[in-house]
Amino acid sequence: SLRELPSWLGERTGLQQLDLSGCRSLVELPSGLGELTGLQHLNLSYCRSLRELPSGLGELTGLQHLNLS
C-alpha cells in the first residue's frame, strides 16, 4: 500500500496525467508536486488518508481536472 510518493516526482515536468485513485494509505503528496507544469489531470479520488494538499498545488496552471471525491 502506497503511503507517500517519491520526492523526485516533481522532476517529471512532462507528466500530463497522474491517477492516484484508490490509494487509501496515501498520507501526503510531495511538496514538489507544484513543479509538474505539464500536469493536466490529477485524480485523488478515494485517497481517504490524505490529510492536506501541498501549497504548491496552486502552481499547476495547466491543471484542467482535479478529482477529490
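When a residue number appears, it is its place in the shown sequence, counting from 1.
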d(Ser49 OG, Arg3 CZ) to nearest 0.5 Å is 7.5 Å
Ser21: partners by side chain to side chain donor-acceptor pair (under 3.5 Å), with sequence neighbours left out
Asp19
Could you identify which residues cluster with Leu18, counting Ile, Leu, Val, Met, Phe, Trp and Tyr as linked when any side-chain heavy atoms lie under 4.5 Å apart, either directly or through a chain of such contacts?
Leu2, Leu5, Leu9, Leu15, Leu20, Leu26, Leu29, Leu33, Leu36, Leu39, Leu42, Leu44, Leu50, Leu53, Leu57, Leu60, Leu63, Leu66, Leu68
Could you give all pairs that pass the side chain to side chain donor-acceptor pair (under 3.5 Å) test and reach residues 51-69, with sequence neighbours left out?
Asn67-Ser69
If you take all heavy atoms of Ser7 and Pro30, which pair is closest and at what distance?
CA-CB, 4.3 Å
